[in-house]
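Small disclaimer: the values here were computed from a predicted structure and weren't measured. Scope of the values below: all heavy atoms of this structure, side chains included, with no hydrogens, waters or symmetry mates.
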2 protein chains.
Amino acid sequence: MRKPVTLRDVAILAKVSTSTASRALTGDPRILPSTKARVIDAVAKLNYLPNRIASSLRSKSTGIIGIAINNLDNYTFRTIFEHVGIQASKNSLLVLLVTTDGDPSREAQFLDTARELQLDGVILAGTGKNAEKINLLVEKGFSVVITNRSVPQASAPTIIPDYELSCRLATEHLTALGHKNIAFIGGLNEYQSGWENFAGYSRALESAGLNVSEELVIRGDYNRNFGPLAAKFVEKLYNKNKVTAVVIANHEAAHELLLHLLNHGIEIPENLSVICVEDSPLIEFWNPAITAIDVQPKFLAETAFNSLLSQRTNSLNGNATASEVSLVKIRPKLINRGSTRNP
Amino acid sequence: MRKPVTLRDVAILAKVSTSTASRALTGDPRILPSTKARVIDAVAKLNYLPNRIASSLRSKSTGIIGIAINNLDNYTFRTIFEHVGIQASKNSLLVLLVTTDGDPSREAQFLDTARELQLDGVILAGTGKNAEKINLLVEKGFSVVITNRSVPQASAPTIIPDYELSCRLATEHLTALGHKNIAFIGGLNEYQSGWENFAGYSRALESAGLNVSEELVIRGDYNRNFGPLAAKFVEKLYNKNKVTAVVIANHEAAHELLLHLLNHGIEIPENLSVICVEDSPLIEFWNPAITAIDVQPKFLAETAFNSLLSQRTNSLNGNATASEVSLVKIRPKLINRGSTRNP
DNA sequence: ATGAAAGCGCTAACAC
DNA sequence: GTGTTAGCGCTTTCAT
């Protein structure tokens, strides 16, 4: 790398001190317009760009926030990242993205990196683990926000969908249509979304005077290995005439399940009503389009980002309290696409 | 932010100088095992993590590479990013991602940022513009690789799919089945992929003794506004019995087009044979699954990353030549999913 | 094998 | 309003 142009070069050319040059470029109000112009001119002549590494070291602010998410294939994650990026860009912040594949140890590594790189903030939309590392980060004065999936014991503000409500809405939509035999495809109890989703399903059935039947429920991990199991499970129930509708609250399994129904001639909604929790293009453009519960990833991202910003503002003002709000649950919305009907 | 633990604290606790502490942690071979152990011990006791901003400033290496891509919704882009990330992770590099929405000015801004942040490398899979900024970066000694879409006049190694071949394969697949009236949905001439794709289509027709008919060709921008136009175009041709097969070489339009065919009862492949350039889950899981030309985004990413690495190695060795290879074209592969048949 | 000292490029404190 | 000085936390000479 050839000798780079530094602020010193600019200062010399503009015949000012480096501090004046720095002030002119960072918009210090007390600099004389004429000297500022000279500096700007020198910058242009030399094609100077500030070394942000040096600037960050001194000013203790990198202008970079980090985000750790499981992957970018899942539409909810991707949308969260997209809108964090949009907000960041609006606030002149850069985003360092790390995908973890849901592996807590990779997320833990990211949390160390965040500390090493002195990131201005960290958003976690991830594994739901690593409470100790998160708390350490918070203790050290870093701004942290958890979103999409809560982390038990973590002392950072958390912005998540109201999963219970999402499955309640989905199930109520079906009971309102007159369904009595509603299967549930969900996640495991170890995840908050897993048990909240199931709770919402159960509660909606209760309100409709129906019982939860173990026979109609299958729950597995949030990865695609679970898809084929869930698919065969539903197919069997259908063949035995035990089910008229299904709530898919495990997005990772949704795809395989829909494909399986298609290949076995089980028509939606003629033979089976289907509703998915978490929207995605695959569901939207399925044939037929699938009714979904939108968990509002965009709003999630924006809320999380704003929480991060307010933490930053507070800490810049020497305010000790990280944030006033510790938990926000976002209201999901039903998008009716006609993949359900009377049983 | 409370007072952070620095290398100095570690050194004091380990009763060595900061230089020794630094050497112990960076794996300098001449440090005595016993002193190294003391340093490691102090690190653990203090829960020390190095400040990489400071380290980067001094060592002139950030361990971060940047990548600019249009968006993450397009499967090819997403896969490129995914595999750049995997390679980076294997080489202990972080990835700063900026999405540009195909806007050259946003990409230009990213190129400035890359310079400001002293990034260890830059991968562009993007707009196909900004040759001057790219060349400036190269001149300044930065490692740059262009992938997915070439940039005319840019002096950085370029790794792209062989677009001409991809459309030739697609079209030959159809002529071999006996199709004589093959429509072409493509990109504009201003993009290399746009004219190369068309050239491949034309060449394949020629080889089969067929003429290119203007009537069967529509080309538009790589964004979703073009989709509906292309869709109606094909529908009209079909209704006039002027077409038996279509090559979709504009991925942004593919989706709308397929949906339009579906909604107008034009069945694939019974009524119309369809083949798409660029694979994606949407095409793979369409009903029926669509035969595709895989442009090998994974291989693209890996090749681009390796090129970046070799540039870095060269420049660390004070080697002037940026790279020996200036252009690599990757061979596409046909994935037959049965969405084509005899006319 | 280790320490002392210099300095990466910038911004903040303190002068005036 | 501007210059002088110091120093962010680390790595790298240059000593020994």
Side-chain angles (χ1 to χ4, degrees), chain A residues 1-40 42-43 46-63 115-120 140-141 316 318, chain B residues 1-40 42-43 46-64 115-120 140-141 316:
Chain A
M1 176 125 8
R2 69 184 54 187
K3 202 167 176 308
V5 179
T6 72
L7 187 58
R8 193 156 176 276
D9 302 321
V10 172
I12 290 171
L13 185 59
K15 296 187 200 303
V16 292
S17 69
T18 55
S19 356
T20 304
S22 172
R23 288 183 190 116
L25 296 176
T26 50
D28 191 309
R30 19 176 231 197
I31 239 72
L32 214 61
S34 60
T35 55
K36 178 165 177 175
R38 281 208 327 279
V39 173
I40 301 281
V43 164
L46 296 172
N47 199 348
Y48 166 80
L49 281 181
N51 181 332
R52 277 178 56 171
I53 299 295
S55 148
S56 297
L57 177 59
R58 182 65 239 233
S59 67
K60 307 207 160 299
S61 162
T62 53
R115 200 136 78 84
E116 295 182 359
L117 282 180
Q118 314 285 109
L119 297 185
D120 279 0
K140 293 268 179 192
L316 289 180
Chain B
M1 177 125 11
R2 70 184 53 187
K3 203 169 174 306
V5 178
T6 72
L7 187 59
R8 196 158 173 275
D9 302 320
V10 172
I12 290 171
L13 185 60
K15 296 186 199 306
V16 292
S17 69
T18 54
S19 354
T20 305
S22 171
R23 288 183 189 114
L25 296 176
T26 49
D28 191 308
R30 11 170 239 201
I31 238 72
L32 215 59
S34 60
T35 56
K36 179 167 178 174
R38 284 211 320 284
V39 173
I40 301 282
V43 164
L46 295 172
N47 199 351
Y48 166 80
L49 280 181
N51 181 331
R52 275 177 57 172
I53 299 295
S55 143
S56 297
L57 176 59
R58 181 67 238 233
S59 66
K60 307 210 160 302
S61 162
T62 53
I64 304 175
R115 202 137 75 86
E116 294 184 0
L117 282 179
Q118 315 285 110
L119 296 185
D120 280 0
K140 294 267 179 192
L316 290 179

Are side-chain N/O atoms of Ser19(A) and Ser22(A) paired as donor and acceptor at under 3.5 Å? no
For [X] and [N], what is the distance between atoms [atom1] and [atom2] respectively, to the nearest whole Å?
X: Lys3(A); N: dG7(C); atom1: NZ; atom2: C1'; answer: 13 Å
X: Ile12(A); N: dG3(D); atom1: CD1; atom2: C1'; answer: 14 Å
X: Leu25(A); N: dG1(D); atom1: CG; atom2: P; answer: 18 Å
X: Asp28(A); N: dT2(D); atom1: CG; atom2: C1'; answer: 10 Å
X: Leu7(A); N: dG3(D); atom1: CG; atom2: P; answer: 12 Å
X: Leu32(B); N: dG3(C); atom1: CG; atom2: C1'; answer: 15 Å
X: Arg8(B); N: dA4(C); atom1: CZ; atom2: P; answer: 11 Å

Taking only side-chain nitrogens and oxygens of [X], does any of them come within less than 4.0 Å of OP1 or OP2 of [N]?
X: Thr20(B); N: dG3(C); answer: yes
X: Thr35(A); N: dT2(D); answer: yes
X: Ser17(A); N: dT2(D); answer: no
X: Lys60(B); N: dG9(C); answer: yes

In short, the helix from dA1(C)-dT16(D) to dC16(C)-dG1(D) is bent end to end, axes from five pairs each side, to 10°, by 30°
Under 3.5 Å, sequence neighbours excluded: what are the donor-acceptor pairs made by side chains of residues 7-16 of chain A?
from: Asp9(A); atom 1: OD2; to: Thr6(A); atom 2: N; distance (Å): 2.8

What residues 46-59 of chain A contributes to the DNA chain D interface at heavy-atom separation below 4.0 Å is Leu57(A), Arg58(A)
Can you check whether [X] reaches [Y] side chain to side chain, under 4.5 Å on heavy atoms?
X: Lys36(A); Y: Arg23(A); result: no
X: Asn47(A); Y: Arg115(B); result: yes
X: Ile53(B); Y: Thr62(A); result: yes
X: Leu49(A); Y: Val5(A); result: no

message = Please check: side-chain N/O of Asp120(A) versus main-chain N/O of Ser61(A), any donor-acceptor pairing under 3.5 Å?
response = no
Taken to the nearest 0.5 Å, the spacing of Leu57(B) CG from Ser56(A) OG works out to 9.5 Å
The reported gap from CD1 in Ile40(A) to CG in Leu25(A) (rounded to nearest 0.5 angstrom) is 5.5 Å
Find every protein N or O atom lying less than 3.5 Å from an N or O atom of nucleotides 13-16 of chain D, and list the pairs.
from: dT13(D); atom 1: O4; to: Arg23(B); atom 2: NH2; distance (Å): 2.9

Residue pairs meeting salt bridge (charged side-chain N to carboxylate O under 4.0 Å, His left out), one or both in residues 46-59 of chain B, sequence neighbours left out, come to Glu116(A)-Arg52(B)
When Ala21(A) and Thr6(B) are each assigned the nearest nucleotide of DNA chain D, the 5'-most assignment goes to Ala21(A)
Applying side-chain hydrogen bond (donor to acceptor under 3.5 Å, both in side chains) to Ser59(A) and not counting sequence neighbours gives none
message: For a side-chain contact (heavy atoms from CB on, under 4.5 Å) check, start with the C-alpha distance between Thr20(A) and Ile31(A), then their side-chain angles and the critical distance, and finish with the verdict.
response: CA-CA 8 Å; Thr20(A) 304; Ile31(A) 239 72; 4.1 Å; yes
